[in-house]
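For the single chain, residues carry numbers from 1 onward in sequence order.
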Amino acid sequence: MGAGGTPSARASALTPASHQRPGAALHPGAWWLWALSLGTAATRTTNPLLLALLVTVSAYVVITRRPHAPWARSYGAFVKLALAVLLIRLLFTTVLGSPIPGTHTLLTLPEVPLPDWAQGIRLGGRVTAEGLAFALYDAMKLATLLICVGAANALANPARLLKSLPGALYEMGVAVVVALTFAPNLIADVQRLRAARRLRGRPDRGVRGLLQVGLPVLEGALERSVALAAAMDARGYGRTARVPPAVRRTTAALTLGGLLGICAGTYGLLTAAGGTYGVPVLLAGGAAALGGLWLGGRRTVRTRYRPDRWGARAWLVTGSGVAVAALLFLAAARDPAALHPGVVPLEAPALPLWPAAAVLLGLLPAFVTPAPEPAPVSAKEPS
């Protein structure tokens with residue numbers, strides 16, 4: 001027997017893990033539900049310690065379970081966007097002031113007098129620690145939500161998620177995936193054209209350089225779009241089945257009513273006054289929207305090759321995120337002071353123990369999901 005082993009052994013060694021274990025990969029919808037549940041939990045608190053713990057939990061899961069794929073590198077962009085949200089909110093509070101009264105003055109900026117019709121707005125003036133603390137707590141909530149969405153983008157394969165979409169959303173999902181796929185090509189085209197202009201001694205910056213680079217990029221994008229459209233048309237994309245007019249009207253009514261119900265229910269959950277009607281309206285809207293999507297899927301004629309299974313791991317991942325959101329909802333109702341530290345008078349935020357333990361339940365996906373495949377290493381030819 002040679003050093004390379006039997007042919008079957010060599011074929012097994014060259015086969016990717018995803019083909020060896022077709023059911024090992026987690027359903028992408030479970031990652032999205034887990035991340036959105038963590039984001040929902042972040043909306044129930046302004047405690048910076050709990051929000052930092054949510055960010056830490058999502059970051060740990062991303063670090064340990066993010067696959068080695070180009071689409072999985074978007075987490076850093078969402079983290080930068082979250083930091084930009086924090087800085088912009090603090091900058092606006094510093095320049096435009098804050099409605100929160102405060103006694104601890106950090107600095108005093110020159111105040112610009114404004115006309116009478118601009119009452120309630122000021123430029124400059126006192127910058128207090130209470131106003132900055134309130135702005136920081138409020139901005140951290142939005143930043144945490146953005147980071148949770150970034151975690152879902154880094155963990156869920158968009159192509160596999162497209163396979164799992166209902167038939168009514170398939171065409172929209174195809175458009176989103178195609179747009180996300182073409183974005184790296186546009187960036188590569190811009191870099192290539194700028195490098196070519198620099199080598200020729202031509203300017204690649206400013207308005208003139210932007211125009212000279214932008215037109216070839218748009219031309220290349222148009223050519224790729226036309227080629228992709230022709231290929232998709234040849235493969236039968238976009239064909240629809242005939243459905244009765246009554247079914248179409250029922251589908252539109254259910255979908256529109258369901259979306260309105262989801263919006264009204266979500267608004268009720270996010271406000272203190274709508275807590276009584278938020279959950280029933282949200283559930284009714286979700287049921288109507290699902291019914292509309294099910295009926296709308298009858299128009300789309302397509303098959304699924306090796307559909308993703310929703311297994312026990314997917315239930316555990318989804319359940320861990322839902323448990324975090326539900327427990328923080330309960331904590332916000334029972335002890336709102338712990339989840340919303342006061343800023344007037346200014347006090348140091350404390351870490352509530354059992355809500356913090358509830359947030360740690362979000363770490364479950366790091367232990368129950370399969371580890372990502374190692375990064376491919378380019379093998380060198382023997383000399």
Side-chain angles (χ1 to χ4, degrees), residues 33-61 82 85-86 89-90 93 98-104 128-149 151 262-283 286 316-367:
L33 291 176
W34 169 81
L36 291 179
S37 298
L38 292 186
T40 304
T43 63
R44 308 312 299 172
T45 179
T46 55
N47 191 317
L49 300 180
L50 285 178
L51 293 174
L53 189 59
L54 282 169
V55 171
T56 305
V57 166
S58 64
Y60 180 79
V61 175
V85 167
L86 288 176
R89 181 62 189 274
L90 293 176
T93 302
S98 174
I100 302 299
T103 57
H104 298 80
T128 62
E130 290 84 354
L132 287 180
F134 177 80
L136 177 64
Y137 295 171
D138 199 49
M140 283 188 67
K141 185 194 305 186
L142 178 57
T144 305
L145 181 59
L146 288 173
I147 290 177
C148 291
V149 174
I262 290 174
C263 293
T266 304
Y267 176 79
L269 290 177
L270 296 178
T271 57
T276 55
Y277 70 85
V279 175
V281 173
L282 181 61
L283 293 178
L316 288 174
V317 170
T318 304
S320 66
V322 172
V324 173
L327 290 174
L328 281 191
F329 267 84
L330 181 62
R334 289 191 172 184
D335 190 10
L339 270 66
H340 300 278
V343 294
V344 180
L346 189 62
E347 57 184 16
L351 181 65
L353 293 182
W354 76 267
V359 173
L360 293 179
L361 292 176
L363 289 173
L364 186 63
F367 304 99

**Asked** Taking only residues two or more places apart in sequence or in another chain, which ones pass side chain to side chain contact (heavy atoms under 4.5 Å, CB included) with Ala129?
**Response** His104, Leu106, Leu346

**Asked** Leu86: what forms a side chain to side chain contact (heavy atoms under 4.5 Å, CB included) with it, not counting sequence neighbours?
**Response** Leu83, Leu136, Ala139, Met140, Ala143

**Prompt:** Which atom names give the shortest non-hydrogen contact between Ala135 and Leu90, and what distance separates them?
**Reply:** CB-CD2, 4.3 Å

**Message:** With side chain to side chain contact (heavy atoms under 4.5 Å, CB included) as the criterion, how do Trp34 and Val61 come out once you've worked through the C-alpha distance, each side chain's angles and the decisive distance to 0.1 Å?
**Reply:** CA-CA 11 Å; Trp34 169 81; Val61 175; 3.8 Å; yes

**Item:** side chain to side chain contact (heavy atoms under 4.5 Å, CB included) partners for Ala35, two or more places apart
**Value:** Ala152

**Request:** Drop me the distance from Leu360's CG to Ser320's OG, to the nearest 0.5 angstrom.
**Result:** 12.0 Å

**Request:** Show the numbers, then the answer: is there a side chain to side chain contact (heavy atoms under 4.5 Å, CB included) between Thr45 and Lys141?
**Result:** CA-CA 7 Å; Thr45 179; Lys141 185 194 305 186; over 6 Å; no

**Asked** Does any non-hydrogen side-chain atom of Thr93 lie less than 4.5 Å from one of Phe134?
**Response** no

All N/O donor-acceptor pairs, side-chain side in residues 338-345, below 3.5 Å, sequence neighbours left out:
from	atom 1	to	atom 2	distance (Å)
His340	ND1	Thr46	OG1	3.2
His340	NE2	Arg44	O	3.2

**Request:** Please lay out, stage by stage, how Ser58 and Ile147 fare under the test side chain to side chain contact (heavy atoms under 4.5 Å, CB included).
**Result:** CA-CA 8 Å; Ser58 64; Ile147 290 177; 3.9 Å; yes

**Message:** Taking salt bridge (charged side-chain N to carboxylate O under 4.0 Å, His left out) as the definition, give me every residue that meets it alongside Asp138, ordered by chain and number, with sequence neighbours left out.
**Reply:** Arg89

**Item:** pair Leu328-Val359: side-chain heavy atoms closer than 4.5 Å
**Value:** yes

**Prompt:** What residues, two or more places apart in sequence or in another chain, satisfy side chain to side chain contact (heavy atoms under 4.5 Å, CB included) together with Thr144?
**Reply:** Ala42, Leu51, Leu54, Val55, Cys148

**Request:** Provide the closest heavy-atom pair for Pro349 versus Leu49 in the form atom of the first, atom of the second, distance.
**Result:** O-CD1, 3.6 Å

**Spacing of Leu351 atom CG and Asn47 atom CG [to the nearest 0.5 Å]** = 7.0 Å

**Complete:** Rounding to 0.5 Å, atoms CG (Leu330) and CH2 (Trp354) come to a distance of 4.5 Å

**Asked** Are Pro352 and Leu50 close enough that some pair of their side-chain heavy atoms sits under 4.5 Å apart?
**Response** yes

**Request:** Apply side chain to side chain contact (heavy atoms under 4.5 Å, CB included) to the pair Thr318 and Val322, showing each step before the final yes or no.
**Result:** CA-CA 6 Å; Thr318 304; Val322 172; 4.2 Å; yes

**Prompt:** If you look at every heavy atom in Ile100 and Gly131, which pair is closest and at what distance?
**Reply:** CB-CA, 4.4 Å

